[in-house]
Amino acid sequence: MFREAGLKPVNHELTPAQNEKVSRAFSRLPPLHQRLLRQHLHSISFMDNMPNTALTSLLDSGDGPKRFNITFRAGLLNETISEWASWKENTCFNRTADSSYAVRVEGGSLDAILYVMLHEATHVVDAVTGITPPTSQRHALVEPTPFTKEVWRTMNAPVEEYVDSLLEQTRFRSGRPMVISMAPDVYRKLAQTPFPSLYGMAAWSEDIAELVTIYHLTTRLKQPFYVVVTKDNVEVARFEPMKNPLVKPRLKQLAAFYVP
C-alpha cells in the first residue's frame with residue numbers, strides 16, 4: 001500500500017534498547033488490552049519511510065478468532081509523547097501566514113510508543129468486543145452502543161448537538177490544515193464537545209482510542225496531557241480533555257478496561 005503511494009518503506013530491525021521500550025510499553029497497557037492482545041495480536045512490525053504513525057490491520061484468519069498486525073513508524077522509538085503529540089497536533093495548522101502563534105502538547109516524557117501502542121491496541125479491543133458499532137459504511141444508521149449513543153450519529157458524523165462549523169474545517173474532519181490563528185477558537189469549540197482531541201472527532205473508532213489513551217496516561221500513569229496555544233510566547237488558549245465536564249461522564253464507561 002505504501003509503495004503504491006510512491007514511498008519506499010523498509011523493515012526496521014529493533015536495537016536492544018528499542019526492544020526494551022516496546023516491552024515496557026506492553027507492560028503498561030490496561031489489563032483488558034493485555035488479555036485480548038495475547039489472544040488476538042498476531043504480530044507487530046516497525047517500518048522506516050512510513051507516511052503515517054501506525055496501522056492496525058485485520059488478517060485473514062478464516063473461521064478462527066480475529067487476528068491483527070500493528071505496524072509502527074520506527075521513528076516513534078526516538079520520541080517522547082510530548083514530542084510526537086505536538087508534531088501530530090501541528091499537522092492540523094498552517095503557520096506560514098502567522099508565525100506568532102504556536103501549538104504544543106504537554107504529554108509528559110514517557111516514550112511515544114506507549115501512546116501509539118495504547119491507541120492502536122484499543123482499536124483491537126474495540127474490534128473484538130464491539131465498543132463501537134461494527135460497520136464499515138460511513139453513512140450507515142446503525143443501532144448505537146452505549147459508547148456512541150447521544151455522541152455519534154453515524155461512524156464519522158457526530159450528533160447534531162456537537163456539529164460545529166469551525167470544527168468541521170479541522171484537518172481530521174476536512175482533510176485540510178487551517179490557519180494557525182484560528183487555533184484558540186478551535187480549542188474553545190472543542191471544549192464544548194465530549195471529544196478528547198481533534199483526532200477523536202475523526203470517527204467513533206478514533207474517539208474511543210483517544211479517550212482510553214488519554215485517560216490511561218493521565219489517571220493511571222499520572223502523566224499530564226493538555227494542548228497549549230501561545231501567541232508571541234504568551235498562552236492564549238488551553239485544552240485539557242480530562243477536565244472537560246462533557247468528557248468526564250464518559251469515563252465511567254472505561255471501567256471494563258481495568259477488571260483484573
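Only this structure's heavy atoms are used, side chains among them; waters, hydrogens and symmetry mates stay out.
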Practice problem: Scan side-chain atoms only and decide if T132 and W152 contain a donor-acceptor pair under the 3.5 Å cut-off. | Solution: no

Quiz item: Do the side chains of D164 and T193 get nearer than 4.5 Å, heavy atoms only?
Solution: no

Quiz item: Hey, any chance Y115 and V228 share a hydrophobic cluster, counting ILVMFWY side chains that come within less than 4.5 Å of each other, even indirectly?
Solution: no

Quiz item: Can we say D207 and R250 salt-bridge, meaning some charged N sits less than 4.0 Å from an Asp/Glu carboxylate O?
Solution: yes

Quiz item: Would F46 and L55 show up in the same hydrophobic cluster when neighbours are defined by side-chain heavy atoms closer than 4.5 Å?
Solution: no

Practice problem: Using a 4.5 Å cut-off on heavy atoms from C-beta on, say whether the side chain of V142 contacts that of P133. | Solution: yes

Quiz prompt | Min side-chain heavy-atom separation L29-L118 under 4.5 Å | solution = yes

Self-check item: Residues in side-chain hydrogen bond (donor to acceptor under 3.5 Å, both in side chains) contact with T96, at least two apart in sequence or another chain
Solution: N94

Quiz prompt | Full working for side chain to side chain contact (heavy atoms under 4.5 Å, CB included) between Y187 and L198 | solution = CA-CA 9 Å; Y187 291 105; L198 290 176; 3.6 Å; yes

Exercise. Show the numbers, then the answer: is there a side chain to side chain contact (heavy atoms under 4.5 Å, CB included) between T53 and W87?
Key: CA-CA 11 Å; T53 297; W87 164 80; 3.7 Å; yes

Exercise. Go through the structure and list residues passing side-chain contact (heavy atoms from CB on, under 4.5 Å) with P144, not counting sequence neighbours.
Key: T148, K149

Quiz item: If you count the non-hydrogen atoms of other residues, nucleotides and ligands that lie under 6.0 Å from CD in Q39, is the total more than 12?
Solution: yes

Self-check item: Under 3.5 Å: donor-acceptor pair, side chain of Q34, backbone of P31
Solution: no

Quiz item: Would a 4.5 Å heavy-atom cut-off, applied to side chains only, mark F26 and L41 as touching?
Solution: yes

Practice problem: State, yes or no, whether a side-chain contact exists between S197 and F172 at a heavy-atom distance under 4.5 Å. | Solution: no

Quiz item: Are any non-hydrogen side-chain atoms of V212 and V125 less than 4.5 angstrom apart?
Solution: no

Practice problem: Treat each ILVMFWY residue as a node, draw an edge where side-chain heavy atoms are under 4.5 Å apart, and state whether Y226 and M242 are in one component. | Solution: no

Self-check item: Flag for S43-N69: side-chain donor and acceptor within less than 3.5 Å
Solution: yes

Quiz item: Any donor-acceptor pair under 3.5 Å linking the side chain of S82 with the backbone of G107?
Solution: yes

Quiz prompt | Trace of the side chain to side chain contact (heavy atoms under 4.5 Å, CB included) decision for E89 with W84 | solution = CA-CA 9 Å; E89 206 71 12; W84 171 81; over 6 Å; no

Quiz prompt | Pair D126-S205, side chain to side chain contact (heavy atoms under 4.5 Å, CB included): steps then yes or no | solution = CA-CA 8 Å; D126 182 17; S205 59; 4.1 Å; yes

Quiz prompt | side chain to side chain donor-acceptor pair (under 3.5 Å) pairs, two or more places apart, involving residues 228-243 | solution = S100-K231, E235-R238

Quiz prompt | Check ion pair E79-R73 (N to O, under 4.0 angstrom) | solution = yes

Self-check item: E120 side chain vs M117 backbone, donor-acceptor pair below 3.5 Å
Solution: no

Quiz item: Can you check whether F257 and H33 have ring centres sitting under 6.0 Å from each other?
Solution: yes

